[in-house]
Each structure stands twice: as C-alpha cells, then as structure tokens.
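Start at 1 with the first residue, then count along the sequence. Read the numbers this way: they start at 1 and go in the same order the structure lists the ligands and their atoms.
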Amino acid sequence: MYLSDNKVNYIIHHLKHHLEAEDFPQDAIEVLKRPDDLPDDSKNRIVFILSEEEIPNPVFLNFRGHKIPVLFSNAIPDEKIFHIDDRGNVIFHHDLLSSAFYLLSGLQETETTEKDRFGRFPYDLSIQKKLNCVHLPLVNYYFEMIIDGVEAHARLQDKEIRRKRLFDNFGLFLSHDVDRVAFYHPFHVLYKIKQIMGLAPVNYSKIKAAGLFFRGVFYNLNPFRGQDPWWNFDWMMNLEKRLGIRSTFFFLRQEDRFDNSLYKYHYKKIKALITKISKEGFEAGLHGTMRSATDAKNLLQQKSEFSRVTGIEPVGIRQHYLRFSHPLTFKNQQAAGLKYDTSLAFAEHDGYRNGYCWPFRPFDFENDKMMQIWEIPLVMMEVSVLNYRKAGFSGLQEAVAHYITEAEKFGGIFSLLWHNCRLSDIEIPGVTEFYEHLLKEIMQHNPEPVRGIDVYRKIEADRYEFN
Ligand SMILES: [Zn+2]
C-alpha cells in the first residue's frame, strides 16, 4: 500500500530537523509510485519511489560500518542507495520513506491485537526481533542515507548543506520511576511468603527470600530502625549532583489494584519529596497507573491530583510497566495536556522500539495525521537487561557503551531508566557501587545531561511550523 501524502509529510517533517532549514531542498523533492512516472524532461530532482508492498520485504545495505536492513526495498533491486542520472536527478533505489514510516509511527503495533499479560506489544512479534536490529536506530540511518543523497544533489549545484545535531555530542536523559518507596512495607514483607511458596516470581533463591522476610519482620518490630533501603532519594540526588546530572523522577499513585504503588501524592513524605526534587533542579513527572494507559478520565484525574497536591504542573509522563496502547495512550496523554511521553521501549529488550534516538511526534492512524505531543524514546530500562535478558552487570555495561556510540553518531539521546527500588544492595548485592561507577563512566563520554522537560524545550525551540 502506498504511503498517503500525510504520511510522506510526517517523515519529511522529522527529516527536516536534521538539516539547516534553508538547506532543505523542499522544491526539488519528487515522490513517485513508479520509476517511469518521472517526466522525461525532469532535471535536478530528488526522487523517491514508493513501495506498493503491505509488509516489509527487507534488503540489507552496507552503510557506515553496519548491515542496515531497509524494510521496503523493491523499487530498484540492488545494493546501492541512490544514483545520479545524466540529467542530474538523484534517484533513491529503495523506499526509505516507507521504511522510516513503518518504524517511527509504530505501524507494526497496530497490525496485531496480540498483547503480553500487561497489555503491551511483545518484542517477540516485532520486526526488530525478526531482523535482529533492535540495537540500531534504523530511522536515523535512513535519514543519513537520504541526507547523503541531498548532499550529492547540492554539490551538483555547487552548494553545500549543513547537517544539524540535537546535541553537540549526545544527550543523557536519566530517569527514575518511583514505583515502590518502602522495602520493609508490610505488604512487601508478606509478599516474600508468596515468593517462598512459589506463588510469585522471585529473582533470587527462596532461602534468600526467607532471610529477607525475617529481616523485614524484625525491622518492623524494631523501634530504633534506620532508613528504609528504598527511601534512597537523597543518595540518588547527591550522586547526580556530584556528577553534574539532573534527572527526572516519575511518581505513581496508589489505585484500587496492588499493581500500582502503595503511596498517594498527598502523603506528607511524598509531597515533601516531590517539592524537594523540583526545588533542587530535578524534574517531577507523572508515572501513569496501569489503568491510565487506556483510560483517559483516569489519566486526567491523576494529573489534576498531582498539580493540586504539589503545585507542580507535570509536563511529562511515563506509563507504569511501559503499558501502552498505540496510539490511544498518546491521544489520552495529549488530551490531558501533557507535553511529552517517554514510555516507548520494549520491556523485554533494550534498544529502539521506533528505530530513532531523537524525540519524535506520534502518528494518529485514525485521522491520518501527525500528533502534537512528543515521544522521547526510552533506550534502556535496567530491568530489561538484568531480569528479562539476564545479561548481568557486565552485559548492561557493554550495552550502555554501544548505545552511547549510536547516540554520539547522530547527536541523539541515550535514555536510561533506573528504578530507586532497584538500588538496594540488600536485594541486589553490589548494585549501588555498580550504578555509581556506570554513571561516572557515562559522564566520561561528555554527554549533555538533560531532563525530559529540557529535551522537550530544545526540540520545540527548533521546531518547524506544526501543521
Ligand atoms: Zn513503574
């Protein structure tokens, strides 16, 4: 099926951010359905030929040191990216526009109704898994291929183009979902019994679970007990301040079911924490409850409650469990007045769910148009690597180094989610030391540390007229 004009324009809109505005050759662009649709007298055009295919039919091209799968490839079947004919037309061989659209818009997620037990699009069904390419921001590679063609076109006219980066080096967007704040909360202590009995999943031995259960009982009985290991916000903020990082914390309220948090925004301790976080230059955002992913009214309620209680208007959101229904969740977030979401990664695997390491606008398939809200793609959640992939600390470190290389290549973002409740040495021995070391290592690559709100402001300041 050929891309509609709106879909083509959606991709062009994003492509434009990668070039200085005056250098984008809008008038030279020709989008055709067949190679012979190009009139015989055309000169100096930039020609894209759309694919008719409904499903990806990839070809692998060698580009910038990688084998890059181009999803829609049947225009001119060879391994070149473009050629220049004798009338100075730059003709792209493969359908880079449809390939970019397929990934960026999340089209693949609308093609199935199958979800995992948390209502999420499963990594197992993705084209990234099939082609083993989740670790590459393919859309950024496609845009580079196109810009190479645009550059060749400019050179024929003795002109130069200036490429643009979002960050000089790359952006580090560190964030924390505040799911659980009390390791020794009776609910969590009693939950250990379920784990010991094999009725709930556990990431360590049952003997250790039993040890933690008794530890929890004693903690609750001890009138001189110390700080709870999950109330570690001062430690987290101090570490980041020392390293020059400012992160975003997303807060989840308690709701009718146990799969959200066990706190409410108006609890004295929570309210004080949120105030402190934002006073010290960190960002406080919404962590949408399980229900809010598909319930617009529920989301709106959460947002107004958060602003009423804390006096802070949240700008960004991440959905709890990365629970997301594409594009309904975006619509609800936009309707609630939120400016950015940062939920889009696969839960089961780190990498690029939409193939892009820059912020992007979602696509509304029902109305065939671009939406206003921004997505700041999440690249890595620590649980995906440690629990789902079981890659360990060394695997996580390797993966981080790889994503930094990709982000540096494109002046994009490396976005890392680390839960405060995954920073307790009692449960995960050695984790605080590892985490501290990891952040130091990342900072040695000279990123620009940004909060979600900073990314939003940056991309808005740079934006092209929204239409
Ligand atoms: Zn969560």
With sequence neighbours excluded, tell me which residues meet side-chain contact (heavy atoms from CB on, under 4.5 Å) with Tyr267. Gln254, Tyr263, Lys264, Ile270
Using the salt bridge (Lys or Arg N to Asp or Glu O under 4.0 Å) criterion, which residues pair with Glu313? Sequence neighbours excluded. Lys303
So that I know where these two stand, are His13 and His17 an aromatic pair - ring centroids less than 6.0 Å apart? yes
Over-ring placement of Lys7 relative to Tyr10, 6.0 Å and 45° cut-offs: no
Report the protein N/O/S neighbours of the Zn ion (ligand 1) that fall below 2.8 Å; do not count waters. Asp179 OD1, Asp179 OD2, His287 NE2, His320 ND1
For residues 335-346, tabulate all N or O donor-acceptor pairs below 3.5 Å that involve a side-chain atom, not counting sequence neighbours.
unit_1, atom_1, unit_2, atom_2, d
Tyr340, OH, Glu283, OE1, 3.1
Tyr340, OH, Glu283, OE2, 3.0
Asp341, OD1, Gln333, NE2, 2.8
Asp341, OD1, Ser343, OG, 2.7
Asp341, OD2, Ser343, N, 2.8
Asp341, OD2, Ser343, OG, 3.3
Thr342, OG1, Ile376, O, 2.7
Ser343, OG, Gln319, N, 2.9

Result of checking Glu382, His176, Arg180 against His419 for side chain to side chain donor-acceptor pair (under 3.5 Å): Glu382
